[in-house]
There are 2 protein chains.
Amino acid sequence: MSAMPQRRRGGRDQLLAVALRLFARDGIQATSLQGIADEAGVTKAGLYYHYKTKDEIVLDVLKPLLDALPAVTRRAEAHRTRAARVDEVLGGLIEIALHEHSGFVVLMQDPYLTRLLGQQESMRQWWDETSALMLGPDPDPQTRIGLAMFISGLVGASRDPAMADLDDRTRRQTLLECGRRLLQRD
Amino acid sequence: MSAMPQRRRGGRDQLLAVALRLFARDGIQATSLQGIADEAGVTKAGLYYHYKTKDEIVLDVLKPLLDALPAVTRRAEAHRTRAARVDEVLGGLIEIALHEHSGFVVLMQDPYLTRLLGQQESMRQWWDETSALMLGPDPDPQTRIGLAMFISGLVGASRDPAMADLDDRTRRQTLLECGRRLLQRD
DNA sequence: GTCTATACGTCGATAGAC
DNA sequence: GTCTATCGACGTATAGAC
C-alpha cells in the first residue's frame with residue numbers, strides 16, 4: 001500500500017505535474033496533448049489510457065486546489081471574531097498562492113477553466129460564501145473592492161521578483177500585511 | 001479626409017472592437033479568425049485584406065494601450081515629489097483599467113500576448129522604469145510587493161460586481177485608495 | 001474590397017497491433 | 001500499458017474570381 005505519488009515516467013502524477021506546468025505557462029487552450037505527452041516521455045495515445053478527454057486531465061490537475069479552497073473556508077468558519085476569520089482566509093489563500101502557484105494562476109486567470117467550471121457554478125458559490133464570511137454584513141464598497149484586489153493581485157504578487165529574496169515566513173507575512181491593509185475599515 | 005473611426009461593417013475599427021471583446025472573453029489563442037469574421041459580418045478571407053497575420057491583428061488591437069502606458073510614465077516623471085509621481089501613475093493605470101478594461105485584461109493576463117511581447121522586451125523595460133519611478137531607491141520588500149499586488153489586482157478589482165453600483169469618480173477614488181494603502185511606508 | 005474555394009498543418013480522440 | 005496509424009474537425013493562411 002503505497003500512498004506515495006508515483007513519479008515514474010508516464011505515471012499519473014508525473015503527467016499531472018507536466019500538464020500543470022504547461023497550463024500555467026501557456027494557458028490550457030494553447031497546451032496540446034501532444035505537448036504534454038512529449039514532455040512526459042509518452043505518446044499522445046498513452047495519455048488516453050489514463051484519461052478519456054483533455055477536460056478530464058484539466059479537472060484532475062486542479063482537483064487538489066479545488067478541494068483546498070473550501071477547506072480554508074471551513075477552517076475560517078470556526079473562528080468567533082471577524083478579524084480572526086479574515087486572517088484565517090487570508091493566510092489560507094496565501095499558503096495556496098505560494099505553494100501551489102501554478103495551479104493558482106490557472107484557477108484564477110485561465111478562460112478555458114472559467115468556461116469549464118462556469119457550467120458548475122460551484123466556484124462562484126464558494127467565493128460568495130467566503131467573501132461574505134470576510135466582509136460581514138453591509139460591507140462598504142472600499143472593503144469589497146479591496147478584497148477583490150487582494151484575491152486577484154495575489155497571483156501577480158506571489159510571482160514578483162522581490163519574492164525571491166525572502167524566506168517563506170517573510171513571504172507569508174508580507175502578503176498578509178497587503179491583505180490587512182486592503183481590508184481595513186476606514 | 002475623415003479622421004473619424006469608421007465603424008462600418010467590416011471596417012478596421014469594428015474588426016478591432018470585435019477582436020478585443022473576444023480576446024478578453026476567451027483568450028487570444030481560443031479566439032479564431034473565423035469567430036472574429038463571423039461576429040464582424042465578414043468572411044475569414046476578408047480579414048486578410050486588412051491584416052497579413054493574426055499576430056498583426058493582436059498587436060493592432062493592443063496598440064492604443066501599449067502607447068498609453070508610456071504616456072502615463074512620462075506624465076509622472078514631470079512631478080517633483082515621489083508622492084505626486086505615485087499618484088500620477090496610480091491614477092493613470094486606474095483610468096486605463098476602467099475605460100479600456102478589455103484591453104487591460106488581455107495585456108495583463110493573456111499568455112499568448114506575453115509570448116508575443118516577450119520577444120520585444122519593451123514591456124518589461126517600461127515596467128522596470130515605471131516601478132523604479134514609484135518605489136524610489138532602496139524600496140523595502142513590503143512596498144515592492146504591494147505594488148505588484150496593485151497592478152495585478154487592478155484587473156480583478158475593476159471587474160468586481162461592487163463596481164457596478166459606483167459612479168465613475170467614486171470608482172477612481174476607491175481604487176486609488178487601494179493603491180495608496182498598498183504603497184504606504186510602514 | 002470582399003467573396004468562394006482550398007491548401008496544409010495540428011488539434012482531440014479512436015482503433016487495433018504488440 | 002504503450003505503441004503506430006489514422007480519423008474528422010478546425011486552425012491559419014493563400015489563390016483567384018468578381
Side-chain angles (χ1 to χ4, degrees), chain A residues 2 5-62 106 110-117 119, chain B residues 1-2 4-62 106 110-117 119:
Chain A
S2 151
Q6 298 174 17
R7 294 265 172 178
R8 291 182 302 97
R9 198 204 72 155
R12 276 180 99 102
D13 284 22
Q14 194 230 357
L15 293 182
L16 293 180
V18 167
L20 176 56
R21 187 166 50 83
L22 296 180
F23 288 162
R25 193 189 64 184
D26 302 330
I28 298 175
Q29 171 85 25
T31 301
S32 67
L33 297 182
Q34 184 70 67
I36 298 174
D38 288 348
E39 295 243 350
V42 296
T43 62
K44 201 168 45 164
L47 298 180
Y48 281 96
Y49 173 75
H50 297 286
Y51 298 100
K52 276 203 292 285
T53 67
K54 183 181 183 178
D55 287 355
E56 208 174 289
I57 298 180
V58 172
L59 290 178
D60 208 21
V61 161
L62 275 288
V106 175
D110 200 296
Y112 187 102
L113 188 71
T114 303
R115 286 199 152 190
L116 200 60
L117 295 182
Q119 305 165 347
Chain B
M1 46 182 287
S2 151
M4 283 292 294
Q6 299 173 19
R7 293 266 172 180
R8 292 182 303 96
R9 199 206 69 156
R12 276 181 98 104
D13 284 22
Q14 195 229 358
L15 293 181
L16 293 181
V18 167
L20 177 55
R21 186 166 50 83
L22 296 180
F23 288 163
R25 193 189 63 185
D26 303 329
I28 298 175
Q29 172 85 24
T31 301
S32 67
L33 297 182
Q34 183 71 67
I36 297 174
D38 288 349
E39 295 243 352
V42 296
T43 62
K44 208 169 32 167
L47 298 181
Y48 281 97
Y49 172 75
H50 298 285
Y51 299 99
K52 276 203 292 285
T53 66
K54 183 180 183 178
D55 287 355
E56 209 173 288
I57 299 180
V58 172
L59 290 177
D60 208 20
V61 161
L62 274 296
V106 175
D110 199 297
Y112 188 102
L113 188 72
T114 303
R115 285 199 153 191
L116 200 60
L117 294 182
Q119 305 165 348

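Just so it is clear: chains get the letters A, B, ... in the order the sequence lines come, proteins before strands, and each one is counted from 1.
In this structure, the OH atom of A:Tyr51 is 16 Å from the P atom of C:dT14, given to the nearest Å. Whole-Å rounding puts the A:Tyr49 OH to C:dA15 P distance at 17 Å. Per the geometry, CZ belonging to A:Arg12 stands 11 Å off P belonging to D:dG1, to the nearest Å. In this structure, A:Ile36 places its CD1 atom 11 Å from P of C:dC11, rounding to the nearest Å. In this structure, the CG atom of A:Leu47 is 11 Å from the P atom of C:dA13, given to the nearest Å. Remark: P of C:dG12 and CD of A:Glu56 are 15 Å apart, rounded to the nearest angstrom.
Of all heavy-atom pairs between A:Gly27 and A:Asp110, the closest is CA-OD2, 3.4 Å. Between A:Leu15 and A:Leu47 the shortest heavy-atom distance is CD2-CD2, 3.6 Å. Looking at every heavy atom in both residues, A:Tyr51 comes nearest to A:Arg12 through CE2-NH2, 3.5 Å.
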Worksheet item: Do A:Leu117 and A:Leu59 pass the side chain to side chain contact (heavy atoms under 4.5 Å, CB included) test, and can you show the C-alpha distance, the side-chain angles, and the key distance before you say yes or no?
Response: CA-CA 9 Å; A:Leu117 295 182; A:Leu59 290 178; 4.1 Å; yes
Donor-acceptor pairs under 3.5 Å, side chain of residues 32-42 of chain B to any protein atom, not counting sequence neighbours: which ones?
{"from": "B:Ser32", "atom 1": "OG", "to": "B:Gly35", "atom 2": "N", "distance (Å)": "3.0"}
{"from": "B:Gln34", "atom 1": "NE2", "to": "B:Asp38", "atom 2": "OD1", "distance (Å)": "3.1"}
{"from": "B:Glu39", "atom 1": "OE1", "to": "B:Arg21", "atom 2": "NH2", "distance (Å)": "2.6"}

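OP1 or OP2 of C:dC3 sits under 4.0 Å from a side-chain N or O of B:Thr43.
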Short heteroatom pairs, N/O only, protein and nucleotides 12-14 of chain D, under 3.5 Å:
{"from": "D:dT12", "atom 1": "OP1", "to": "B:Lys54", "atom 2": "NZ", "distance (Å)": "3.1"}
{"from": "D:dT12", "atom 1": "OP2", "to": "B:Leu33", "atom 2": "N", "distance (Å)": "2.9"}
{"from": "D:dT12", "atom 1": "O4", "to": "B:Lys44", "atom 2": "NZ", "distance (Å)": "3.3"}
{"from": "D:dA13", "atom 1": "OP2", "to": "B:Tyr48", "atom 2": "OH", "distance (Å)": "3.2"}
{"from": "D:dA13", "atom 1": "OP2", "to": "B:Lys54", "atom 2": "N", "distance (Å)": "2.8"}
{"from": "D:dA13", "atom 1": "O5'", "to": "B:Tyr48", "atom 2": "OH", "distance (Å)": "3.4"}
{"from": "D:dA13", "atom 1": "N6", "to": "B:Lys44", "atom 2": "NZ", "distance (Å)": "3.3"}

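Looking at residues two or more places apart in sequence or on another chain, you find a salt bridge (charged side-chain N to carboxylate O under 4.0 Å, His left out) between A:Arg115 and B:Asp26.
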